[in-house]
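Beneath this line is the structure, given in structure tokens, with notes to follow.
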Amino acid sequence: MKLEDILNKYFGYSAFRPGQREVIEKVLDGKDVIALLPTGMGKSLCYQLPGYIFDKPVLIVSPLLSLMQDQVDQMKQFKEKRVVALNSFLNPMQKRASIQNLHDYRFIFISPEMLLQEQVQQKLNSMELSLIVVDEAHCISQWGFDFRPDYLRIGQVLGKPNRPPIMALSATATQKVLGDIEAYLNMDSPYKFIHSVDRPNIHLGKMLFQGREEKIEWILDHVTKTAGPGIIYTQSRLKTESLSQRLLQSGVTTAAYHGGMDPLDRQFIQQQFIDGSLDWIVATNAFGMGVHKQNVRQVIHESLPSNMANYMQEIGRAGRDGEDSLAILLYAEGDEELAKFVGIDDYPVDAHVDSYISYRSRNELPTSMIHNGEISETAFRVLDYWMNQLQPADVKQRLSSMKYEKMRAVEEVMDLIETNTCMREQLVHYFGQTLENRPEDCCQCCGLQYENIIRVREIIDAPSKELNWKRRIEQLLIGFS
DNA sequence: CGGTGAAGCCATAAGGCTTCACCGGTGCGTTATT
């Protein structure tokens with residue numbers, strides 16, 4: 001059967017989107033693949049279709065529980081029953097049963113942490129996989145080094161002899177991220193499908209201010225006068241709350257979103273943003289992955305993103321429908337200091353290395369460092385990873401060079417602020433590509449006028465929009481209680 | 001590191017000034033405790 005026939009039979013499409021066919025063919029040939037495909041261009045099809053050709057299960061490593069759940073739900077809607085998400089949502093009994101029957105599933109979603117568990121390893125070693133997929137593979141680079149070190153171990157546990165091909169998927173990756181993906185997944189000269197990172201319909205703005213309050217004033221003014229939907233990225237949880245409060249007072253339908261919130265609230269707010277009952281979201285960088293919304297018109301950075309990869313990822317959430325959109329980077333003097341501080345704040349230091357060694361020499365578990373309040377859980381995991389990889393002196397060396405890298409990454413974002421050359425050109429160049437065409441109203445340095453891109457709200461626009469059904473029901477319920 | 005805001009200081013009182021404490025992201029899994 002031809003690939004197109006399979007595509008039609010299982011997915012109902014008549015033609016592949018750019019990149020899909022190449023990527024699938026390589027994998028069927030047994031080759032490793034890194035595919036950078038724009039969001040919404042059918043990344044998941046790249047592993048789902050091979051799943052129907054191969055006889056053996058496809059293993060998909062995924063960074064977020066919510067992401068796994070979405071994908072599983074979606075596949076079940078399409079009548080695929082042989083799909084499972086192996087994660088902490090399962091109770092111990094379900095978990096045991098799932099592991100036991102793992103070989104019977106067609107698609108297995110799993111977190112890196114779960115993947116590394118002994119019992120899972122044992123089972124995986126006893127069975128054959130047809131394909132290993134690492135979804136949102138930039139997480140290896142983005143999170144592996146200082147946050148979720150298990151991301152760096154994926155390659156170690158999956159890289160057995162006679163392993164199936166590995167497919168790494170992402171929307172954007174810098175040269176460095178690409179290198180990290182290839183290295184840490186132990187890939188074998190992978191085929192790379194890389195689309196242009198440029199998104200001509202996203203117009204790039206920047207605004208420089210003296211003080212931080214002025215940025216807020218500008219946002220309040222700008223957001224009340226222009227059309228959403230939009231995302232405002234800021235650095236701290238508190239600020240998401242305070243800024244969204246002020247926007248609410250100005251009549252903007254908005255909500256805060258950050259990692260400290262109740263998961264159900266987060267889900268609810270995300271859903272409201274997607275279905276249009278919220279115009280704006282004020283969020284930390286917790287917001288974004290797995291948010292499939294086509295018509296985001298604006299992305300505003302109230303504070304500096306911590307590196308270019310994040311910046312690209314975050315502005316990339318605008319204009320997925322291809323319509324003109326605006327990404328505005330705000331800067332006030334000294335912002336880079338905060339970005340640097342936050343970047344290296346929760347990070348092991350030399351004293352932690354020494355302490356770790358002394359625990360070991362006393363035959364005590366280094367994990368006690370956490371319970372004794374010496375170190376955060378996150379920093380400990382990072383420390384523990386490197387202590388198991390390198391000699392202590394090298395660990396210190398490594399930690400300091402990683403800190404330096406983080407500060408340098410902030411400086412690279414500062415280049416966007418400080419230089420007066422085309423922002424698009426800088427961005428694209430940073431990703432190791434060259435810019436083919438410059439769109440009209442390209443960026444701040446090419447004479448961008450915001451009002452050419454974003455509809456200015458008419459004064460007649462009532463501040464409170466028509467209530468949708470969800471809100472109506474909520475109000476009814478409040479009325480009765 | 002740096003911004004912010006509350007408290008303390010002065011002493012005609014009031015408001016202006018200094019000092020100082022506080023705060024600052026991303027998620028998995030597991031488990032002890034309300």
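To find a chain, count down the sequence lines: A is the first, B the second, and so on, and within it residues start at 1. Worth saying up front: this structure is predicted, and the values here are computed from it rather than measured. All heavy atoms count here, side chains included; hydrogens, waters and symmetry mates do not.
- Taking the six-membered ring where the residue is Trp, A:Tyr450 and A:Trp218 present perpendicular rings, their angle passing 60° and hence far from 30°.
- Mapped onto DNA chain B by nearest heavy atom, A:Met68 and A:Val342 fall at different nucleotides, with A:Val342 at the one closer to the 5' end.
- Residue contacts for A:Pro63: at a heavy-atom cut-off of 4.0 Å it reaches the sugar-phosphate backbone alone, with no base atom in range.
- Contacts between residues 89-98 of chain A and DNA chain B, defined by a heavy-atom separation under 4.0 Å, are made by A:Lys95.
- Under the 6.0 Å distance and 45° angle rule, A:Arg153 does not count as a cation-pi partner of A:Tyr151.
- Among the protein residues, A:Gly211 comes within range of no part of the nucleic acid, since none of its heavy atoms lies under 4.0 Å from any strand.
- Checking A:Tyr257 against A:Asp265 by side-chain atom types alone, no donor-acceptor pair falls below 3.5 Å.
- A donor-acceptor pair shorter than 3.5 Å can be found between the side chains of A:His222 and A:Gln298.
- Looking at heavy-atom distances under 4.0 Å, A:Asn285 makes contact with a base.
- Contacts between residues 167-179 of chain A and DNA chain B, counted as heavy-atom distances below 4.0 Å, involve no residue at all.
- Between A:Gln117 and B:dC28 there is no side-chain N or O to OP1 or OP2 distance below 4.0 Å.
- For A:Leu238, taking side-chain heavy atoms from C-beta onward, the closest of the listed nucleotides B:dT26, B:dC28, B:dC23 is B:dC23.
- Rounded to a whole angstrom, the distance from the C1' atom of B:dC10 to that of B:dA14 is 11 Å.
- Annotation for A:Gln119: atom CD counts as buried by contact number, over 12 foreign heavy atoms lying within 6.0 Å.
- Consecutive Watson-Crick or G-U pairing (both distances under 3.5 Å) extending over three or more pairs maps onto DNA chain B as B:1-10 with B:15-24.
- Closest-nucleotide positions on DNA chain B for A:Glu377 and A:Leu338 were compared, and the one nearer the 5' end corresponds to A:Leu338.
- Within 4.0 Å (heavy atoms only), A:Glu336 reaches no atom of the nucleic acid at all.
- Straight-line distance between the C1' atoms of B:dG25 and B:dA32: roughly 27 Å, to the nearest whole Å.
- Judged by distance alone, with hydrogens and angles left aside, the side-chain atoms of A:Ser196 form a donor-acceptor pair with the main-chain N or O of A:Asp198 at under 3.5 Å.
- Residues passing the side-chain contact (heavy atoms from CB on, under 4.5 Å) test with A:Ser400, sequence neighbours excluded: none.
- Within the 4.0 angstrom heavy-atom criterion, no nucleotide atom of any strand lies near A:Gly334.
- B:dT26 has A:Phe147 stacked on its base ring, the centres lying under 5.5 angstrom apart and the planes within 30 degrees of parallel.
- By the side-chain contact (heavy atoms from CB on, under 4.5 Å) test, A:Val410 is found to be paired with A:Leu304, A:Glu336, A:Ala339, A:Lys340, residues two or more places apart in sequence or in another chain being considered.
- Of the candidates B:dC1, B:dG29, B:dG24, the closest approach to any side-chain atom of A:Ser236 belongs to B:dG24.
- Here, B:dG5 and B:dT12 have their C1' atoms 29 Å apart, quoted to the whole Å.
- When the side-chain nitrogen and oxygen atoms of A:Ser88 are compared with OP1 and OP2 of B:dC28, none of them lie within a distance under 4.0 Å.
- Not a single side-chain contact (heavy atoms from CB on, under 4.5 Å) links A:Asn363 to another residue, sequence neighbours left out.
- Within the 4.5 Å cutoff, side-chain heavy atoms of A:Met75 are placed close to those of A:Phe107.
- For A:His258, taking side-chain heavy atoms from C-beta onward, the closest of the listed nucleotides B:dT26, B:dT30, B:dG27 is B:dT26.
- Between the side chain of A:Ser111 and the base of B:dG29 there is no donor-acceptor pair of N/O atoms closer than 3.5 Å.
- Rounded to the nearest Å, the gap between the C1' atom of B:dA13 and that of B:dC9 is 14 Å.
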**Message:** ring pair (Phe, Tyr, Trp, His ring centres under 6.0 Å) for A:Phe145 and A:Tyr184? Distances and angles first, verdict last.
**Reply:** CA-CA 11 Å; A:Phe145 297 106; A:Tyr184 281 90; 5.4 Å; yes
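- Residue A:Arg237 places at least one side-chain N or O under 4.0 Å from the OP1 or OP2 atom of B:dT26.
- The side chain of A:Ala286 has B:dT26 as its nearest neighbour among B:dT26, B:dG25, B:dG29.
- The side chain of A:Arg381 places no N or O atom within less than 4.0 Å of a non-bridging phosphate oxygen (OP1 or OP2) of B:dT26.
- The closest side-chain donor-acceptor pair between A:Asn295 and A:Lys293 falls under 3.5 angstrom.
- In this structure, a donor-acceptor pair under 3.5 Å is absent between the side chains of A:Ser62 and A:Glu136.
- A:Asp346 comes within 4.0 angstrom of nothing in the nucleic acid, heavy atoms only.
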